[in-house]
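Heads up: numbering here begins at 1 and tracks the sequence.
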Amino acid sequence: MTETSSTPSTAGDAQEAPRGRLQRMMRYLPLVAPVLLWAVPCGVLLYTGQHWPLPVTLTGTALFVLGLIGMPLAMARGHGRRQQDWAAIVGDTLLGSMWVLFTWSVLFGVLLRLALTVAGVGDGQDRARIVTWAVLGVTAMLLAWGYAEARRVPRVRRVDVELPRLGAGLDGTRVVLITDTHYGPLDRARWSERVCERVNTLEADLVCHTGDIADGTAERRRAQAAPLGTVEATGARVYVTGNHEYYSEAQGWVDLMDELGWEPLRNRHVLLERGGDTLVVAGVDDVTADSSGLAGHGADLAEALDGADPGLPVLLLAHQPKFIDRAAAHGVDLQLSGHTHGGQIWPFHYLVRLDQPALAGLTHHGARTRLYTSRGTGFWGPPFRVFAPSEITLLVLRPAS
């Protein structure tokens with residue numbers, strides 16, 4: 001193991017002006033977004049030609065208003081200073097439910113109304129009521145399915161990865177990746193046990209956890225994380241921090257993983273030997289560590305590779321896919337990441353791609369660098385996964401043919 005200027009120009013002023021306006025608009029987004037999230041479905045389902053009886057309209061409107069007020073309050077109590085788990089569950093569930101209802105009110109509602117109009121089905125009120133019931137039905141089915149997908153033990157996804165510099169002795173090396181377990185307000189200790197049991201059936205040479213273990217401190221979520229100590233590997237079990245560790249006393253999570261028998265790769269590397277060949281397994285802190293204020297925490301790939309033979313293939317653990325530019329510049333062969341959750345609830349996928357270079361799966365970057373991005377093993381916040389199934393990943397390493 002290694003331990004690893006002066007007065008701005010007129011052109012500059014012109015460029016800064018729209019950027020400043022954009023920044024001012026972004027400050028209001030947390031206020032505007034919840035209003036749109038609740039107001040748009042309310043309008044589509046109640047006020048676009050349905051002509052419901054007055055008690056129905058008033059009751060429906062009251063429920064939307066209560067949700068608009070209650071959701072931010074619950075999330076503030078759940079994720080703010082008080083950290084009340086029951087409030088986090090309520091707020092997160094409302095957020096996920098309304099995201100799905102908002103999405104399908106806009107997309108499905110508009111398309112269905114257009115189709116009904118073109119087909120000449122009923123009058124305006126009939127079409128409006130059909131749209132309302134259809135949107136509510138689709139939303140209910142997606143939420144039920146999404147909840148089951150979020151709470152299930154993930155399916156195993158096997159991927160063969162060819163690495164040109166991999167020695168013949170390392171051919172068939174089995175690397176299991178879990179990530180973004182996000183132990184949190186919903187107690188998932190039994191789920192954690194079953195995930196670890198599934199991992200132990202895969203006969204791994206190396207097991208990796210690429211961060212975001214939990215939402216909450218190690219002391220608070222210890223019972224849910226404890227089954228990670230039962231994970232088996234013939235070589236090593238390695239871990240790197242994710243951004244959520246830096247919201248919850250990251251050093252506590254590093255210490256707990258060390259206690260459970262995992263190697264925290266904080267800007268350092270270990271060597272995995274098999275069949276007479278060697279693989280460098282390196283890890284870096286999450287990119288958010290740089291601004292966390294924690295002494296000694298920060299992503300440093302040069303330090304992680306310090307002392308490693310430059311002729312050996314390198315497998316790098318980095319929580320966020322966006323680290324791939326640095327990995328490719330250092331000639332890393334394979335980077336393993338999580339963070340994206342595969343979007344978790346469609347169509348959030350498209351927003352994730354604005355921030356990250358990959359959403360899920362195996363991608364190529366630069367001359368030889370591969371990136372595998374997992375959709376994650378657990379879920380964050382809303383207990384739903386819609387068109388973004390969770391996964392336990394088995395990567396089988398192969399020399400390039």
Side-chain angles (χ1 to χ4, degrees), residues 25 28-79 86-151 341 343-352 379-388:
M25 290 173 60
Y28 294 108
L29 187 61
L31 298 176
V32 175
V35 174
L36 291 176
L37 203 62
W38 290 84
V40 170
C42 180
V44 170
L45 302 180
L46 295 175
Y47 291 99
T48 52
Q50 290 87 347
H51 304 297
W52 299 109
L54 184 60
V56 173
T57 303
L58 292 178
T59 301
T61 302
L63 290 174
F64 277 106
V65 171
L66 286 174
L68 174 59
I69 296 171
M71 185 188 76
L73 291 177
M75 295 191 71
R77 294 178 73 94
H79 298 290
W86 70 266
I89 293 170
V90 171
D92 292 343
T93 302
L94 285 173
L95 175 61
S97 300
M98 289 311 300
W99 174 253
V100 174
L101 183 59
F102 171 86
T103 298
W104 294 92
S105 293
V106 174
L107 299 181
F108 183 57
V110 170
L111 292 175
L112 179 58
R113 189 178 297 240
L114 179 61
L116 293 173
T117 302
V118 171
V121 175
D123 58 17
Q125 177 176 292
D126 291 336
R127 290 192 290 269
R129 292 193 177 188
I130 290 172
V131 166
T132 294
W133 290 117
V135 168
L136 290 175
V138 168
T139 298
M141 287 189 293
L142 287 174
L143 290 176
W145 173 60
Y147 181 79
E149 280 290 304
R151 298 301 303 270
H341 299 210
Q344 187 161 321
I345 304 177
W346 187 88
F348 201 74
H349 302 53
Y350 302 108
L351 298 179
V352 173
F379 62 86
W380 173 82
F384 308 107
R385 275 186 170 271
V386 178
F387 305 132

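Every residue meeting the side chain to side chain contact (heavy atoms under 4.5 Å, CB included) condition with Ala74, not counting sequence neighbours, appears here in chain and number order: Val90. In terms of the side chain to side chain contact (heavy atoms under 4.5 Å, CB included) criterion, residue partners of Val352 (sequence neighbours excluded) are, by chain and number, Thr340, Phe348, Gln356, Leu359. By the side-chain hydrogen bond (donor to acceptor under 3.5 Å, both in side chains) test, His79 is found to be paired with Asp92, residues two or more places apart in sequence or in another chain being considered. For Val106, the side chain to side chain contact (heavy atoms under 4.5 Å, CB included) partners are Val40, Phe102, not counting sequence neighbours. Every residue two or more places apart in sequence or in another chain that forms a side-chain hydrogen bond (donor to acceptor under 3.5 Å, both in side chains) with Thr61 is listed here: Tyr47. Partners of Leu107 under the side chain to side chain contact (heavy atoms under 4.5 Å, CB included) rule, at least two apart in sequence or in another chain, are Thr103, Trp346. Partners of Trp38 under the ring pair (Phe, Tyr, Trp, His ring centres under 6.0 Å) rule, at least two apart in sequence or in another chain, do not exist in this structure. Taking the side-chain hydrogen bond (donor to acceptor under 3.5 Å, both in side chains) definition, one finds that Glu149 meets it with Arg155, sequence neighbours left out. With sequence neighbours left out, Thr59 forms a side-chain hydrogen bond (donor to acceptor under 3.5 Å, both in side chains) with no residue at all.
To the nearest 0.5 angstrom, Ile89 atom CD1 is 12.5 Å from Met75 atom CE. Leu112 contributes atom CG, which lies 9.0 Å from atom OG1 of Thr117 (distance to the nearest 0.5 angstrom). Here the CZ-CG distance, from Phe64 to Leu37, works out to 10.0 Å after rounding to the nearest 0.5 Å. To the nearest 0.5 Å, atom CH2 of residue Trp104 and atom CG of residue Leu111 are 9.5 Å apart. In this structure, Leu36 CG and Met98 CE are separated by 11.0 Å, a value rounded to the nearest 0.5 Å.
Nearest approach of Gly96 to Pro382, heavy atoms of both residues: CA-CB, 3.6 Å. Pairing each heavy atom of Gln50 with each of Thr132, the nearest pair is NE2-OG1, 2.9 Å. Annotation for Pro72 and Gly67: closest pair CD-O, 4.2 Å, computed over non-hydrogen atoms. Residues Gly78 and Ala87 come closest through the heavy atom pair N-CB, 3.7 Å. Of all non-hydrogen atoms in Val44 and Arg113, the two that sit nearest each other are O-NH2, 4.1 Å.
A donor-acceptor contact shorter than 3.5 Å links the side chain of Gln344 to the backbone of Trp380. Between the side chain of Arg77 and the backbone N or O of Gly91 there is no donor-acceptor pair closer than 3.5 Å.
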Scan the side chains in residues 136-148 for donor-acceptor partners under 3.5 Å anywhere in the protein, sequence neighbours excluded, and list what turns up.
{"unit_1": "Thr139", "atom_1": "OG1", "unit_2": "Val135", "atom_2": "O", "d": "2.8"}
{"unit_1": "Tyr147", "atom_1": "OH", "unit_2": "Arg151", "atom_2": "NH1", "d": "3.0"}

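In this structure, Ser97 and Phe384 have side chains that are in contact, with non-hydrogen atoms separated by less than 4.5 Å.
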